[in-house]
Amino acid sequence: MNNSSAVLILDKVSKSYGNGLAVDEVSLNIRENEFFALLGPSGCGKTTLLRMLAGFETPSAGCIYLDGKDISPLPANKRPLNLMFQSYALFPNMTVRKNIAYGLEMERLPEAEIRRRVDDVLNTAQLGELAERKPDQLSGGQRQRVALARALVKRPRVLLLDEPLGALDKKLREKMQLELKRLQLESGITFIIVTHDQEEALVMSDRMAVLDGGKVCQCGSPTELYENPNSRFVANFIGVSNLFEGARTGQHTVRVNGQELAVVTDAPLVPGQNVAVVVRPERLQVLAQEGGACDNQVSGQIVEIAYHGLDTNVHVQTVLSDKALIVRVPSSQFEFAHFAIGMSIRLGWQARHARVLTR
Ligand code: ATP
């Protein structure tokens, strides 16, 4: 592993509570200026991992290195890491400016420097006009920005964020996702964010780690994880997947319920091995007739049509799986007259869009 640009290295970090293992030998390498997401279902150990980085929990085993130094002996307040809590914990009786300045005042920095740094961050977080307001005179999104500004002003080496957008409604969340990304880019600080929302992780992060049962299942860029999931779990957790269970019959073939599917894979051939084939909804095409240029084809019956604004998902029952396949059609190309529940339809996809999962 190339550690040269790593800010933070987690080396087989574990945490047990009684007999339960909340975090199980997690090794990760987080880089300079990276927006890194820890993603996984409830109880997978995300928060515990973040709290160990912040110094609020002690690992049962393993080491955490910051800039090459083992930080395990350092208490939370001595670590150049800042944790932003889900509840923003702003001081209600202080103005926005005072809230942001507070941490620097505690460090007894010179007044002029405090003013300069606070002005800087007020500007970056677009809070200049709200500087003299109190938290209860702000909207949810503005309060969130104040909490971020308060964390950024201290210029931590790494900013840790636990579900930072959890308290916001969907529309504001989407706006703040882009805002958070901009703030990270402009500040040049490494961000590690915990989220259970896979869409949020895909939009914001440079890389992400998917956790399950305290273990890292896969770590990579959003495109890597979406296009090349390494397991059924990751394929199902990130985005929508069409999964077909079958058996390997050749290097580039998998038999699914009597039908031979063409796939592209480097996975070594173990004849008869039970595998899953995953195809993303946007890779499925609706075919006008049999034949044509698709490597794989199947017929089915439309069982549901779900309109999502930008896209329409057509659910099609086929022989390939018990669950209906989902085909995503851009609504701009969708002609309602051509699709109806109960209608027979033919679908196709290329072998290169079919991934083989052995786990
Ligand atoms: P969520 O998304 O629901 O917040 P999470 O992925 O952040 O979940 P953690 O809070 O890290 O999960 O918890 C991981 C596991 O460790 C869970 O099974 C939880 O019950 C357990 N756990 C966490 N903190 C403690 C504790 N202080 N004592 C005992 N068990 C704990």
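Atoms within each ligand, like the ligands themselves, are counted from 1 in listed order. The structure presented is a predicted model; accordingly, all values stated were derived computationally and were not measured. Count residues from 1 along the sequence.
- Judged by the shortest distance from any of its heavy atoms, G40 lies outside the 4.0 Å radius around the atoms of ligand 1.
- Atoms CG and CD1, on L10 and I30 in that order, are 5.5 Å from each other to the nearest 0.5 Å.
- Comment: E132 engages R97 in a salt bridge, judged by a side-chain N to carboxylate O separation of less than 4.0 angstrom.
- Evaluated by nearest non-hydrogen atom to atom 16 (O) of ligand 1, the leading choice among G20, G214, A22 is A22.
- Shown here, atom 22 (N) of ligand 1 is in close reach of the protein: a heavy atom of it lies under 4.0 Å off.
- No side-chain donor-acceptor contact under 3.5 Å links R145 and Q126.
- Scanning the protein for heavy atoms near atom 8 (O) of ligand 1, the closest one is G43 N, 2.8 Å.
- Looking from atom 27 (N) of ligand 1 to the surrounding protein, the closest heavy atom is Y17 CE2, 3.6 Å.
- When only modelled atom types and interatomic distance are considered, R280 and S241 share a side-chain donor-acceptor pair under 3.5 Å.
- Below 3.5 Å of separation, one finds an N or O of K46 facing an N or O of ligand 1.
- Each of the atoms 6 (O) of ligand 1 lies under 4.0 Å from some heavy atom of P41.
- Looking at D197 and T195, their side chains never bring a donor and an acceptor atom within 3.5 Å of each other.
- For a threshold of 3.5 Å applied to N or O pairs, the pair formed by T47 and ligand 1 contains at least one separation below that value.
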* Please walk me through it: do Y17 and E57 pass side chain to side chain donor-acceptor pair (under 3.5 Å)? -> CA-CA 11 Å; Y17 295 109; E57 296 282 358; 3.3 Å; yes
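- In E107, the CD atom is crowded: over 12 heavy atoms of neighbouring residues, nucleotides or ligands sit closer than 6.0 Å.
- Here the protein heavy atom with the shortest distance to atom 11 (O) of ligand 1 is T48 OG1, 2.5 Å.
- The local environment of CG in N77 is crowded, with over 12 non-hydrogen atoms from other residues, nucleotides or ligands closer than 6.0 Å.
- Residue contacts with ligand 1: S42 is placed with a nitrogen or oxygen under 3.5 Å of a nitrogen or oxygen of the ligand (distance criterion only).
- At a distance under 4.0 Å, a protein heavy atom can be found next to atom 31 (C) of ligand 1.
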